[in-house]
Amino acid sequence: MEVRVGDAVVSEGRLYRVHAPYDGKVMVSTMQPTFEEGIETLADGVKWVMLQDNDVEYTCGCRNIHFKDIFLQKPRQIAFQLHFDRDKYSRSYYPGARPPVQENIIFENIYIQAPITTLIKAKTPINNIKVINSMLNGSEIFLYDMKEGLHYDTTHILMSGTTFKGDGEQCIVRVSPTRKADLRVIGSVVEGNDFKAVSRNVEVLSSDIEIEQRKSEYEPL
């Protein structure tokens, strides 16, 4: 198999990772690492480090993460980001392998007190996102893709007890056309003049505020 820095394999019930310079160079591995500890260079030239020899995890998706009581007081482009690496330094999953899925990510009592364009930006597959008892002011949830044929199941988004502040038109959820997402908004409050909520490429299943659903072309990143 072709490997590069950061790639990991399971062999003999142990987890090994390629140990190499961060240059993105691809090597051909023809030998199976089986040593029990430390770092070894095999006869094919690939150097491996043994990472774990019991209770090996085959994927490392984030599950049941709860962000709570956060005051965002500094202007920034993105507040929270869930992403995969894919550069010369590392890649989050081997091409063709089953990618890890992030599960049950909760944001509770999040208060936006400065200009923040994107509250949550996610490139990874994720099953659901919950925004609870939070105050938003012109920030959106943005789901986009890896542009390399990665499969994404539907992401379920719940916004409960949310206060929407600000004036004019605001996009609250935006999704790349290659992904699918649905949205529920319950127990919400609107504070602002002429506030108008917009969603892009999202199926709004239910909402106690009016949300204009629009289609949008893919936006290059």
Side-chain angles (χ1 to χ4, degrees), residues 61-84 101-146 152-221:
C62 296
R63 296 177 294 276
N64 305 321
I65 306 298
H66 192 166
F67 299 92
K68 187 175 181 180
D69 300 334
I70 297 176
F71 292 81
L72 298 170
Q73 300 175 328
K74 179 181 178 180
R76 65 189 69 195
Q77 186 72 23
I78 302 167
F80 302 94
Q81 180 159 290
L82 293 83
H83 71 99
F84 282 157
V101 177
Q102 322 312 320
E103 300 178 0
N104 196 32
I105 311 299
I106 301 173
F107 301 84
E108 182 177 1
N109 296 342
I110 309 298
Y111 298 95
I112 295 180
Q113 299 178 330
I116 295 177
T117 303
T118 303
L119 174 64
I120 305 163
K121 186 176 183 180
K123 183 189 291 187
T124 70
I126 179 170
N127 69 343
N128 64 71
I129 297 172
K130 299 175 184 176
V131 179
I132 302 171
N133 297 336
S134 297
M135 185 188 73
L136 307 186
N137 189 354
S139 297
E140 67 178 5
I141 298 172
F142 181 25
L143 308 181
Y144 66 115
D145 66 359
M146 291 285 287
Y152 292 91
D153 289 326
T154 300
T155 298
H156 308 291
I157 301 172
L158 170 67
M159 305 179 83
S160 175
T162 304
T163 298
F164 297 96
K165 297 178 68 70
D167 301 328
E169 181 177 297
Q170 296 183 19
C171 182
I172 59 174
V173 179
R174 179 162 56 105
V175 179
S176 163
T178 55
R179 297 187 62 165
K180 293 182 179 180
D182 56 47
L183 172 66
R184 289 179 171 88
V185 180
I186 60 175
S188 62
V189 175
V190 173
E191 295 182 2
N193 296 321
D194 302 320
F195 173 84
K196 180 179 180 180
V198 173
S199 67
R200 295 186 179 275
N201 299 321
V202 181
E203 181 182 3
V204 179
L205 299 180
S206 62
S207 177
D208 54 9
I209 64 171
E210 184 177 352
I211 301 176
E212 181 176 333
Q213 302 179 59
R214 298 179 183 173
K215 297 289 185 181
S216 63
E217 297 297 327
Y218 185 81
E219 300 184 25
L221 299 172

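Model, not experiment: these values are computed from the prediction.
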Check this for me: Asp69, atom CG, are more than 12 non-hydrogen atoms of other residues, nucleotides or ligands nearer than 6.0 Å? yes
Taking Val189's backbone N and O only, do any of them form a donor-acceptor pair with Thr163's side chain (distance below 3.5 Å, no angle check)? no
Could you tell me the separation between the CD1 atom of Ile106 and the NE2 atom of His66, rounded to the nearest 0.5 Å? 5.5 Å
Testing the basics here: between Thr124 and Arg179, what is the closest heavy-atom pair and its distance to 0.1 Å? O-NH2, 3.1 Å
Look at the side chain of Asn193 and the backbone N and O of Asp167, then say whether any donor-acceptor pair between them is shorter than 3.5 Å. no
Please list, one pair per line, the donor and acceptor atoms closer than 3.5 Å that link side chains of residues 129-138 to other protein atoms, with sequence neighbours excluded.
{"unit_1": "Ser134", "atom_1": "OG", "unit_2": "Asn109", "atom_2": "N", "d": "3.4"}
{"unit_1": "Ser134", "atom_1": "OG", "unit_2": "Ile110", "atom_2": "N", "d": "3.0"}
{"unit_1": "Ser134", "atom_1": "OG", "unit_2": "Ile132", "atom_2": "O", "d": "2.9"}

So, for Ile211 and Val198, which heavy atoms are closest and what is the spacing to 0.1 Å? CG2-C, 4.1 Å
In Å, rounded to the nearest 0.5 Å, how long is the span from OG of Ser207 to CD1 of Ile186? 10.0 Å
Considering all heavy atoms, the nearest Ala197-Glu210 contact: CB-O, 3.7 Å
For a quick test of reading the model, state the closest non-hydrogen atom pair linking Lys165 to Glu191 and the distance between them. NZ-OE1, 2.9 Å
Distance, nearest 0.5 Å, that separates NZ of Lys121 from NE2 of His83: 10.5 Å
Ignoring hydrogens and angles, tell me if any N or O in the side chain of Asn201 forms a donor-acceptor pair with the backbone of Val175 under 3.5 Å. yes
Separation of Asn128 CG from Ile105 CD1 (nearest 0.5 Å): 8.0 Å
Return the NZ to OG distance between Lys123 and Ser176, rounded to the nearest 0.5 Å. 11.5 Å
List the residues meeting side chain to side chain donor-acceptor pair (under 3.5 Å) with Arg214, not counting sequence neighbours, and say none if there are none. Glu169, Glu212
Does Asp208 have any side chain to side chain donor-acceptor pair (under 3.5 Å) partners at least two apart in sequence or in another chain, and if so, which? Ser188
For Gln102 versus Phe84, what's the shortest heavy-atom pair and its separation? NE2-CE2, 3.9 Å
Side chains of Asp182 and Thr154 in contact at under 4.5 Å (non-hydrogen atoms): yes
Applying ring pair (Phe, Tyr, Trp, His ring centres under 6.0 Å) to Phe67 and not counting sequence neighbours gives Phe80, Phe107
Full working for side chain to side chain contact (heavy atoms under 4.5 Å, CB included) between Leu143 and Val173: CA-CA 8 Å; Leu143 308 181; Val173 179; 5.7 Å; no
Supply the atom-to-atom distance Ile78 CD1 to Thr118 OG1, rounded to the nearest 0.5 angstrom. 5.5 Å
Please lay out, stage by stage, how Glu140 and Ile172 fare under the test side chain to side chain contact (heavy atoms under 4.5 Å, CB included). CA-CA 4 Å; Glu140 67 178 5; Ile172 59 174; 5.8 Å; no
Cation-pi check for Tyr152 against Lys180: NZ or CZ below 6.0 Å from the six-membered ring centre and within 45 degrees of the axis, yes or no? no
Holding to side chain to side chain contact (heavy atoms under 4.5 Å, CB included), I want the full list of residues that pass it with Ser139, two or more places apart in sequence or in another chain. Ile112, Ile116, Leu119
For Val204 and Ser199, what are the C-alpha separation, side-chain angles and deciding distance, and is it a side chain to side chain contact (heavy atoms under 4.5 Å, CB included)? CA-CA 8 Å; Val204 179; Ser199 67; 3.8 Å; yes
Mind checking what makes side chain to side chain contact (heavy atoms under 4.5 Å, CB included) contact with Phe71, not counting sequence neighbours? Gln73, Tyr111, Gln113
Identify the heavy atoms of Ala114 and Lys74 that sit nearest to each other, and give their distance. CB-C, 3.7 Å
